[in-house]
Amino acid sequence: MSQVLDLPVTPTTLVGDDPSFVVDEADDTRSADDVVVVFDRNVAVAGGSYHGRTATLPAPAGDGARVAHLTGVWVLPGRRRRDHVRRALAELEASAARAGYSRLHVVVEPSRTDALALLRERWFTPVDAPSATGDLELEKWLLPA
């Protein structure tokens with residue numbers, strides 16, 4: 001039986017201001033990032049994370065929606081096809097909705113057909129045509145928590 005460990009993270013700096021963290025002056029609430037790890041028999045087998053908008057990531061669309069960027073989704077090679085990644089994605093989606101995000105955004109290489117199939121299964125849809133680098137951008141609208 002597998003377990004999910006959800007680790008909410010608030011961006012902080014050790015010294016000085018973090019130039020990559022953007023704070024909206026009108027809204028002083030800092031968005032929390034999140035890390036999820038799925039364990040199977042006390043072994044970390046899958047996980048992922050999302051991050052709020054930063055200066056290094058694309059800004060959200062002009063519709064004013066808060067967008068979280070899905071990053072670092074992984075599964076151990078010997079543990080694929082056991083729904084571990086699906087559990088991690090479901091927890092990340094729920095966590096992002098609870099944190100007030102209305103969309104999840106992810107960038108995937110077109111050669112990662114397994115990842116694209118999984119994301120489309122989870123109702124992620126293409127944003128635009130492939131970028132200049134050839135990567136595909138997908139997003140999912142989240143239901144409010």
Side-chain angles (χ1 to χ4, degrees), residues 1-25 27-61 63-128 131 133-145:
M1 172 165 237
S2 61
Q3 298 173 312
V4 176
L5 177 62
D6 186 1
L7 305 166
V9 179
T10 302
T12 59
T13 58
L14 295 176
V15 178
D17 293 330
D18 182 358
S20 67
F21 187 72
V22 175
V23 177
D24 184 0
E25 298 300 327
D27 178 22
D28 195 26
T29 59
R30 290 185 172 225
S31 57
D33 296 350
D34 201 7
V35 176
V36 169
V37 180
V38 178
F39 289 88
D40 186 17
R41 297 185 182 140
N42 295 330
V43 174
V45 295
S49 62
Y50 69 80
H51 305 285
R53 178 173 54 102
T54 66
T56 58
L57 295 172
D63 58 11
R66 289 186 66 210
V67 180
H69 298 272
L70 197 58
T71 58
V73 178
W74 59 274
V75 63
L76 288 180
R79 302 293 179 106
R80 292 187 174 142
R81 303 194 188 279
R82 298 185 190 176
D83 289 334
H84 297 308
V85 171
R86 283 179 181 82
R87 290 190 66 198
L89 279 174
E91 187 58 36
L92 287 166
E93 291 168 15
S95 173
R98 285 190 303 269
Y101 291 102
S102 57
R103 287 198 310 241
L104 275 179
H105 179 269
V106 64
V107 177
V108 182
E109 295 176 12
S111 62
R112 297 294 319 268
T113 55
D114 54 340
L116 288 169
L118 175 64
L119 291 168
R120 287 185 175 132
E121 175 186 302
R122 301 275 323 154
W123 298 96
F124 280 81
T125 57
V127 175
D128 286 319
S131 65
T133 61
D135 294 340
L136 299 173
E137 295 183 36
L138 297 104
E139 69 179 6
K140 177 178 183 173
W141 283 88
L142 303 172
L143 295 174

Residue list, side chain to side chain contact (heavy atoms under 4.5 Å, CB included) with Leu92, at least two apart or on another chain: Val36, Tyr50, Leu70
Exercise: identify the closest heavy-atom pair between Trp123 and Lys140: O-CG, 3.9 Å
Closest approach of Glu109 to Leu116 (non-hydrogen atoms, all atoms of both residues): O-CD1, 4.2 Å
Residue pair Tyr101 / Leu142: nearest heavy atoms and the distance that separates them: O-CD1, 3.8 Å
Contacts of Ala90 that satisfy side chain to side chain contact (heavy atoms under 4.5 Å, CB included) - sequence neighbours left out: Arg122
Expected output: side-chain Arg66 to main-chain Ala99 donor-acceptor under 3.5 Å: yes
Between CZ on residue Phe124 and CG on residue Leu89, distance to nearest 0.5 Å: 6.0 Å
Interatomic spacing from CG in Asp135 to OG in Ser111 - rounded to 0.5 Å: 8.5 Å
Heavy-atom closest contact (Pro110 atom, Gly134 atom, distance): CG-O, 2.9 Å
Exercise: identify the closest heavy-atom pair between Leu118 and Arg86: CD1-CG, 3.5 Å
Nearest heavy atoms of Val38 and His84, plus distance in Å: CG2-O, 3.7 Å
Interatomic spacing from CZ in Arg120 to CG in Leu138 - rounded to 0.5 Å: 6.0 Å
Separation of His51 NE2 from Thr71 OG1 (nearest 0.5 Å): 3.0 Å
Arg98 CZ to Glu91 CD distance, which is reported to the nearest 0.5 Å: 5.0 Å
